[in-house]
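The structure appears below as structure tokens.
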Amino acid sequence: MPIARGYAATDASKPLTPFTFERRNPNPDDVVIDIKFAGICHSDIHTVRNEWKNAVYPIVPGHEIAGIVSAVGSAVTKFKVGDRVGVGCFVDSCIGCAERDLDREQYMPGLAGTYNDFEADRKTRTQGGYSDSIVVREGYVMSIPDNLPLDASAPLLCAGITLYSPLRHWNAGPGKKVAIVGMGGLGHMGVKLGAAMGADITVLSQSLSKKEDGLKLGAKEYYATNDPETFTKLAGTFDLIICTVSAEIDWNAYLGLLKVDGSFVVVGAPENPIPVHAFSIIPGRKSISGSMIGSIKETQEMLDFCGEHNIVSEIEKINIQQVNEAYERVLKSDVRYRFVIDIASLAA
């Protein structure tokens, strides 16, 4: 079996350390990828520290993967050696279903996560992108447009699609006023993508410290949520609010910012239940919804859209030996706006 090298978590309380492991032998429908870059997602931290209580060690994290095809199976038709490709949050789907749901597969039973999960055989553990190679079924590999740099494209495979999907689903575009709550790794992608779709984008952030960045990336307005006047001034303003933060917020106050028939969409994952008063939603026929990544079909659509509009993530590139320090900085919001690991540093 092919040998891969990477960094893994072996315990919730220990730092990630170098790790050598076996990848599965490629099947005829598999693509073998030399990983060049891997983004760091906050969910990587939640998982390896067992904050979601589902960790099975050892874990090689990473589901924002950009690389180059190094080999293809005999049945592969979409890719060839040398192609620029990406792998996102899952490597199989609809396992056990009568047929694959191409449009909603991320919500169907049997999703196989890129790490801390099982392959389709439900026996082989999946390991992620903090490593030098990966073997993935052709249908779960995506093409990265030639005009986009690979390093800054890696976060599109999670952060990008996490914002693209709700923006598309709730019809963000010309004439729509959209607020993005949080100006971090997810939020800055919402600003870029929403602006490219033609929506009128406002950032709602705890402070004005990133206002210059937000306006530069495409927001028309930027408000501090630590100022109570913000909620008075913007009452009844937005068609759509996408909340990217996991911190505790005043949900009822934010719902007051929606227009009649407005939607508040949660893509962050707060630890505690969402406390909402019935009369925050009843009078305006408002809705609270959730959204999770996107299908492979929609993710490829997002990548093509980014290629057309020259959209990538704002990144800070690091060597893999800095990963534990990067985790601590993510928790302090000390990155603008996504860490990306240069996998070539594994050889150092």
Side-chain angles (χ1 to χ4, degrees), residues 12 41-47 49-55 89 104 106-107 158-159 161-167 169-172 176-191 194 199 201-210 214 219 221-294 330-333:
C41 179
H42 202 143
S43 59
D44 299 346
I45 303 174
H46 287 308
T47 302
R49 296 185 176 181
N50 201 23
E51 292 170 354
W52 290 337
K53 310 303 179 186
N54 66 346
C89 299
R104 301 179 302 162
Q106 74 272 31
Y107 301 117
C158 177
I161 187 58
T162 294
L163 273 295
Y164 181 91
S165 186
L167 286 166
H169 184 78
W170 276 274
N171 300 311
K176 292 293 183 74
K177 294 186 73 66
V178 177
I180 304 295
V181 181
M183 184 64 186
L186 293 177
H188 91 285
M189 290 306 311
V191 173
I201 301 295
T202 295
V203 175
L204 302 176
S205 185
Q206 188 174 17
S207 73
L208 298 179
S209 64
K210 299 177 183 177
E221 301 286 348
Y222 198 111
Y223 291 92
T225 56
N226 62 8
D227 180 358
E229 288 300 312
T230 291
F231 293 91
T232 301
K233 181 176 182 178
L234 298 179
T237 294
F238 300 107
D239 300 287
L240 173 65
I241 299 174
I242 300 179
C243 183
T244 71
V245 302
S246 299
E248 298 297 318
I249 62 172
D250 185 340
W251 296 88
N252 296 293
Y254 280 89
L255 288 166
L257 303 181
L258 289 172
K259 295 179 179 178
V260 173
D261 288 329
S263 296
F264 187 99
V265 181
V266 180
V267 298
E271 181 179 352
N272 296 317
I274 297 173
V276 172
H277 195 287
F279 284 97
S280 293
I281 55 177
I282 290 172
R285 197 163 60 187
K286 301 169 184 178
S287 63
I288 302 174
S289 303
S291 181
M292 184 177 76
I293 53 174
V330 168
L331 296 176
K332 296 175 182 176
S333 299

Can you give me the closest heavy-atom contact between [X] and [Y], atom names plus distance?
X: Trp52; Y: Ser43; answer: CH2-CB, 3.5 Å
X: Gly290; Y: Val265; answer: C-CG1, 4.2 Å
X: Val203; Y: Ala219; answer: CG2-CB, 3.9 Å
X: Gln106; Y: Gly294; answer: NE2-CA, 3.3 Å
X: Ala199; Y: Val178; answer: CB-CG2, 4.0 Å
X: Ser291; Y: Pro166; answer: OG-CD, 3.6 Å

With side chains defined as the heavy atoms from C-beta onward, is the minimum distance between [X] and [Y] less than 4.5 Å?
X: Thr237; Y: Leu257; value: no
X: Leu234; Y: Leu204; value: yes
X: His42; Y: Leu331; value: yes

Hey, could you give me the [atom1]/[atom2] distance between [X] and [Y], rounded to the nearest 0.5 Å?
X: Ile288; Y: Leu258; atom1: CD1; atom2: CG; result: 9.0 Å
X: Ile241; Y: Leu255; atom1: CD1; atom2: CG; result: 7.0 Å
X: Ile274; Y: Ile249; atom1: CD1; atom2: CD1; result: 8.0 Å
X: Ile201; Y: Lys176; atom1: CD1; atom2: NZ; result: 11.5 Å
X: Leu240; Y: Leu167; atom1: CG; atom2: CG; result: 6.5 Å
X: Ser165; Y: Ile293; atom1: OG; atom2: CD1; result: 9.0 Å

In chain order, what residues pass the ring pair (Phe, Tyr, Trp, His ring centres under 6.0 Å) check against Trp170, with sequence neighbours excluded?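 Residues passing ring pair (Phe, Tyr, Trp, His ring centres under 6.0 Å) with Trp170: none at all.
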Run the salt-bridge test on Asp239 and Lys177 with the 4.0 Å N-O cut-off and return the result as yes or no.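 Answer for the salt bridge query: no.
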Exam field: side chain [X] to backbone [Y], donor-acceptor pair closer than 3.5 Å:
X: Thr202; Y: Tyr222; result: no
X: Ser246; Y: Ala269; result: yes
X: Tyr107; Y: Met292; result: yes
X: Asn252; Y: Ser280; result: no
X: Thr162; Y: Cys158; result: yes

Under 30°, 30 to 60°, or over 60°: which ring-plane class applies to Phe279 and His277, parallel, tilted or perpendicular?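 Phe279 vs His277 ring planes: tilted.
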With distance as the sole criterion, is a donor-acceptor pair present between the side chains of Thr225 and Thr230 under 3.5 Å?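 There is no such pair (donor and acceptor under 3.5 Å, judged by atom type) between the side chains of Thr225 and Thr230.
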